Amino acid sequence: MENVRWFGHASFSIVDSLNGNRIYFIDPYELPGNVSDKADLIFITHAHHDHLSLGDIDHILKPETTIIATPDSLATLKIPNEQKFEVSPNNSYNIKGTKFETAPAYNVRPDRLNYHPKSNNWVGYILFVNNQKIYHAGDTDFVPEMQNLASKNLDIVMLPMGGTYTMEVSETIEAANVIAAKITIPMHYRSLLGDKYKEAEEKLKAGVKNSKVAILDEVS
């Protein structure tokens with residue numbers, strides 16, 4: 001997974017080594033100041049500030065960058081329209097030779113419904129990169145649509161497990177076992193769990209049986 005980097009929270013970059021070493025960022029947030037890479041594509045899952053971070057987007061933006069997001073997120077960006085690419089859940093796209101799909105991301109637990117309502121049409125992404133299928137779930141609970149993902153034979157999944165706003169670790173274990181990707185990467189948890197995050201990582205590794213859990217080092 002040398003082409004995948006985690007910056008903490010839900011923030012990742014992927015180098016597409018089979019497509020001209022193009023650089024893709026997903027939900028860039030609190031990027032280290034020494035990050036010099038400029039993005040070819042930026043994928044935004046939803047409009048919350050820790051996923052749609054204007055300062056971080058500016059840091060990696062270049063004139064050729066395309067930002068991929070739902071309409072409410074794109075509306076907040078003061079960039080030319082030709083740099084915006086609008087998406088909605090349950091669709092397939094091809095932009096500049098990069099194929100990807102969108103999956104719905106929302107809450108189903110009653111205590112979380114106001115955080116990520118299904119009606120907002122927020123998304124996760126499945127990227128077809130480096131002969132791999134990489135799924136970034138966005139901020140979501142274990143939703144019914146995830147039952148269909150096992151048939152996609154995903155290589156890497158990135159699942160939240162911080163609780164409060166998204167799945168907590170026991171729900172993430174259930175989702176990971178259903179999706180059964182080759183590799184499961186937890187995200188969106190360390191800042192939420194504080195000093196309990198290592199306990200959650202160990203619980204995840206013990207509970208996931210149908211996938212290899214990979215705990216990434218945060219880029220600093």
Side-chain angles (χ1 to χ4, degrees), residues 1-46 50-53 55-62 64-70 73-74 77 83-85 87 89 91-103 105 122-140 149 152-161 172 176 179 181-190 211-220:
M1 286 193 301
E2 65 276 4
N3 290 334
V4 177
R5 295 193 296 170
W6 182 42
F7 299 99
H9 213 51
S11 177
F12 292 84
S13 71
I14 301 170
V15 176
D16 190 347
S17 59
L18 299 182
N19 194 7
N21 287 325
R22 297 170 72 186
I23 299 171
Y24 311 142
F25 281 83
I26 308 172
D27 285 357
Y29 177 63
E30 294 187 343
L31 296 174
N34 59 6
V35 171
S36 59
D37 294 333
K38 299 298 182 182
D40 293 288
L41 302 176
I42 300 173
F43 295 85
I44 303 296
T45 60
H46 66 291
D50 53 338
H51 300 263
L52 176 65
S53 172
D56 288 289
I57 289 172
D58 284 344
H59 183 69
I60 57 176
L61 198 65
K62 60 182 180 180
E64 300 81 21
T65 303
T66 299
I67 299 180
I68 297 151
T70 53
S73 293
L74 292 176
L77 301 175
Q83 287 188 267
K84 299 178 180 180
F85 190 89
V87 296
N91 282 300
S92 299
Y93 301 92
N94 188 327
I95 179 169
K96 299 180 179 177
T98 298
K99 295 180 180 180
F100 65 96
E101 297 176 357
T102 49
W122 289 339
V123 298
Y125 293 98
I126 300 173
L127 277 61
F128 297 82
V129 179
N130 297 324
N131 289 328
Q132 293 182 312
K133 290 169 278 190
I134 302 175
Y135 170 45
H136 184 293
D139 272 10
T140 187
L149 293 177
K152 291 185 177 292
N153 297 312
L154 299 174
D155 294 284
I156 298 172
V157 301
M158 302 152 173
L159 297 176
M161 70 169 189
T172 304
I179 295 168
K182 292 184 178 69
I183 296 170
T184 297
I185 299 171
M187 65 174 182
H188 202 278
Y189 69 100
R190 286 188 176 173
S211 178
K212 178 183 177 182
V213 173
I215 308 297
L216 299 190
D217 293 326
E218 295 180 51
V219 176
S220 59

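Since the structure is predicted, the reported quantities are computational estimates derived from the model, not experimental observations.
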Could you tell me whether the side chain of [Y] reaches within less than 4.5 Å of the side chain of [X], counting heavy atoms only?
X: W122; Y: T45; answer: no
X: P186; Y: T172; answer: no
X: I134; Y: Y24; answer: no
X: L52; Y: I57; answer: yes
X: T65; Y: Q83; answer: yes

Please answer whether the main-chain N or O of [Y] pairs with a side-chain N or O of [X] as donor and acceptor at a distance below 3.5 Å.
X: T184; Y: V157; answer: no
X: Y125; Y: I44; answer: yes
X: S211; Y: A181; answer: yes
X: D56; Y: E30; answer: yes

- Task: Evaluate whether atom NZ of K84 has more than 12 neighbouring non-hydrogen atoms of other residues, nucleotides or ligands under 6.0 angstrom away.
- Result: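 Yes, because the 6.0 Å sphere around NZ of K84 holds more than 12 heavy atoms from other groups.
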- Query: Can you name the residues that form a side chain to side chain contact (heavy atoms under 4.5 Å, CB included) with K99, not counting sequence neighbours?
  - Reply: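 By the side chain to side chain contact (heavy atoms under 4.5 Å, CB included) rule, K99 matches N94, F128.
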- Tell me, which pairs form a side-chain hydrogen bond (donor to acceptor under 3.5 Å, both in side chains) where one or both residues lie in residues 128-137, sequence neighbours left out?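 Non-adjacent pairs meeting side-chain hydrogen bond (donor to acceptor under 3.5 Å, both in side chains): S17-N130.
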- Describe, in one word, how the ring planes of F12 and W6 are oriented to each other, choosing from parallel (under 30°), tilted (30 to 60°) and perpendicular (over 60°).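 Judged by the thresholds at 30° and 60°, the geometry between F12 and W6 is parallel.
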- Message: Can you tell me how the ring of F25 sits relative to the ring of F7, calling it parallel under 30°, perpendicular over 60° and tilted otherwise?
- Response: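 Geometry flag for F7 against F25: parallel rings.
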- Taking only residues at least two apart or on different chains, which pairs with a member in residues 35-45 satisfy salt bridge (charged side-chain N to carboxylate O under 4.0 Å, His left out)?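 As it turns out, the salt bridge (charged side-chain N to carboxylate O under 4.0 Å, His left out) pairs with a partner in residues 35-45, which skip direct neighbours, are R5-D37, D40-K62.
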- Task: Supply the atom-to-atom distance S36 OG to L31 CG, rounded to the nearest 0.5 angstrom.
- Result: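 Going from OG on S36 over to CG on L31, the span is 11.5 Å.
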- Query: What's the spacing between I42 CD1 and S53 OG if we round to 0.5 Å?
  - Reply: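 The OG atom of S53 is 10.5 Å from CD1 of I42, to the nearest 0.5 Å.
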Show me, pair by pair, the donor-acceptor contacts under 3.5 angstrom made by side chains of residues 213-220, not counting sequence neighbours?
{"residue": "E218", "atom": "OE2", "partner": "R190", "partner atom": "NH1", "Å": "3.0"}

- Using the side chain to side chain contact (heavy atoms under 4.5 Å, CB included) rule, take K182 and D155 through it: C-alpha gap first, then chi angles, then the decisive distance, then the call. CA-CA 5 Å; K182 292 184 178 69; D155 294 284; 3.1 Å; yes
- Got a sec, which residues hit salt bridge (Lys or Arg N to Asp or Glu O under 4.0 Å) with D16, two or more places apart in sequence or on another chain?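 For D16 there are no salt bridge (Lys or Arg N to Asp or Glu O under 4.0 Å) partners, ignoring immediate neighbours.
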- Item | All ring-ring contact (aromatic ring centres under 6.0 Å, His included) counterparts of H9, not counting sequence neighbours |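 If we apply the ring-ring contact (aromatic ring centres under 6.0 Å, His included) test to H9, skipping adjacent residues, the hits are Y29, H51, H188.
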